[in-house]
Amino acid sequence: MTGQRFLKRRAEIWDALKSTKHFTIFAVMQRFDLSYNTVQGMILSWQRVGLVQSCGTSKKGRRQYRVIAGHTMVEGRPVVNHPPAAKNMTPWDAMWRTVRHCGEFSPSDLQSWASTPDRLISEKDAKAFCKMLMQAKLVRVVLRARARSHEARYLLHTYPGPIAPQRKRVQAIWCPNTRQYLHVQEPSE
């Protein structure tokens, strides 16, 4: 499929999926006569940028997805309605945005990549954010830290959605995307 034909086909698929409540990779494969890898690549790329989200499994045990309202596609390319990166973002929102797009990272990478002149992120905040993601089991350790050698490197393992997980006063980690607590700290006696 050539580039222009692919973008046109992708826009057709997007328009059809916007009107459905839920869909699976296999349903899209059958409806549009495409290969599994093509459909999976499209859906996962849309999920990474926040256009669709996973919403459970079908009766056959297949993962279902749904289109998040308010997003559009222009000439086969997604138009994501994210807030501007530099304004109105908390440091934790900026770090979550960075984690979603960077792949493998360390706390110092997170600190430098998510900081802007208007919003500086401290090393302490970056380490606390990585610790919270580990407690919530959203990231996994790719390379363990070694004293006087290198710091730990992490990789996003579970993607619950575009909104940053939040630490609540009850010392728990709340995920607004899945609307559940990912980690609740045991009371210390």
Side-chain angles (χ1 to χ4, degrees), residues 14 40-55 65-186 188:
W14 177 256
Q40 182 187 35
M42 264 193 291
I43 292 173
L44 292 179
S45 70
W46 291 340
Q47 187 179 20
R48 273 194 301 272
V49 296
L51 294 173
V52 300
Q53 74 180 110
S54 178
C55 60
Y65 299 90
R66 72 175 184 87
V67 173
I68 298 173
H71 298 299
T72 57
M73 189 81 67
V74 176
E75 297 176 2
R77 290 184 167 81
V79 177
V80 184
N81 300 325
H82 286 305
K87 298 190 183 204
N88 301 330
M89 286 185 91
T90 65
W92 283 51
D93 290 335
M95 287 189 283
W96 178 245
R97 184 184 190 121
T98 302
V99 165
R100 291 184 327 159
H101 297 292
C102 72
E104 199 176 294
F105 63 94
S106 68
S108 61
D109 292 337
L110 199 57
Q111 177 190 3
S112 64
W113 294 338
S115 291
T116 64
D118 300 333
R119 180 191 57 244
L120 296 175
I121 294 172
S122 68
E123 183 180 349
K124 181 182 171 186
D125 286 344
K127 286 182 178 180
F129 189 74
C130 291
K131 182 179 177 183
M132 182 200 69
L133 293 178
M134 279 295 296
Q135 289 172 338
K137 298 179 180 158
L138 294 176
V139 296
R140 63 182 172 89
V141 176
V142 176
L143 182 67
R144 289 180 184 242
R146 288 203 173 156
R148 291 177 257 155
S149 177
H150 59 267
E151 57 187 352
R153 296 199 59 80
Y154 304 96
L155 182 65
L156 186 62
H157 177 64
T158 305
Y159 176 70
I163 302 170
Q166 304 162 0
R167 186 173 293 277
K168 296 291 186 176
R169 287 185 183 187
V170 293
Q171 293 299 311
I173 299 169
W174 169 257
C175 181
N177 302 300
T178 58
R179 292 197 167 109
Q180 65 183 9
Y181 286 97
L182 301 175
H183 173 76
V184 179
Q185 186 175 0
E186 297 294 323
S188 56

Determine yes or no for a side-chain-to-main-chain donor-acceptor pair under 3.5 angstrom, with [X] supplying the side chain and [Y] the backbone.
X	Y	value
Gln111	Ser122	no
His183	Trp174	no
Arg119	Ala114	yes

Residue pair [X] / [Y]: nearest heavy atoms and the distance that separates them:
X	Y	value
Ala152	Ser106	O-CB, 3.3 Å
Arg144	His150	O-NE2, 3.0 Å
Ala126	Met95	CA-SD, 3.8 Å
Asp93	Ala164	OD1-CB, 3.5 Å
Pro176	Gln166	CG-NE2, 4.2 Å
Leu156	Phe105	N-CE2, 4.5 Å

Q | Stepwise side-chain contact (heavy atoms from CB on, under 4.5 Å) test for Asp109 and Glu104 | A | CA-CA 9 Å; Asp109 292 337; Glu104 199 176 294; over 6 Å; no

To the nearest 0.5 Å, how far apart are [atom1] in [X] and [atom2] in [Y]?
X	Y	atom1	atom2	answer
Leu133	Thr158	CG	OG1	10.5 Å
Gln135	Ile173	CD	CD1	5.0 Å
Leu143	Tyr154	CG	OH	10.5 Å
Cys130	Arg153	SG	CZ	10.5 Å

Q.
Using 30° and 60° as the class boundaries, would you call the ring planes of Trp92 and Phe129 parallel, tilted or perpendicular?
A.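 Rings of Trp92 and Phe129: perpendicular, over 60°.
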
Q. Mind checking what makes salt bridge (charged side-chain N to carboxylate O under 4.0 Å, His left out) contact with Asp125, not counting sequence neighbours?
A.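 Partners of Asp125 by the salt bridge (charged side-chain N to carboxylate O under 4.0 Å, His left out) criterion come out as none, since no residue qualifies.
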
Q: Decide yes or no for Val99 and Tyr159: does some side-chain heavy atom of the first lie under 4.5 Å from some side-chain heavy atom of the second?
A: no

Q | Non-hydrogen side-chain atoms of Trp96 and Ile163 separated by less than 4.5 Å | A |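 SC-SC contact between Trp96 and Ile163 ruled out.
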
**Q.** Trace of the side-chain contact (heavy atoms from CB on, under 4.5 Å) decision for Ile121 with Trp113
**A.** CA-CA 9 Å; Ile121 294 172; Trp113 294 338; over 6 Å; no

(Q) Holding to side chain to side chain contact (heavy atoms under 4.5 Å, CB included), I want the full list of residues that pass it with Gln40, two or more places apart in sequence or in another chain. (A)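 With sequence neighbours excluded, Gln40 shows a side chain to side chain contact (heavy atoms under 4.5 Å, CB included) to Ile25, Tyr36, Asn37, Leu44, given in chain and number order.
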
Q: Could you give me the CA-CA distance, side-chain angles and deciding distance for Lys127 and Lys131, then say whether side-chain contact (heavy atoms from CB on, under 4.5 Å) is met?
A: CA-CA 6 Å; Lys127 286 182 178 180; Lys131 182 179 177 183; over 6 Å; no

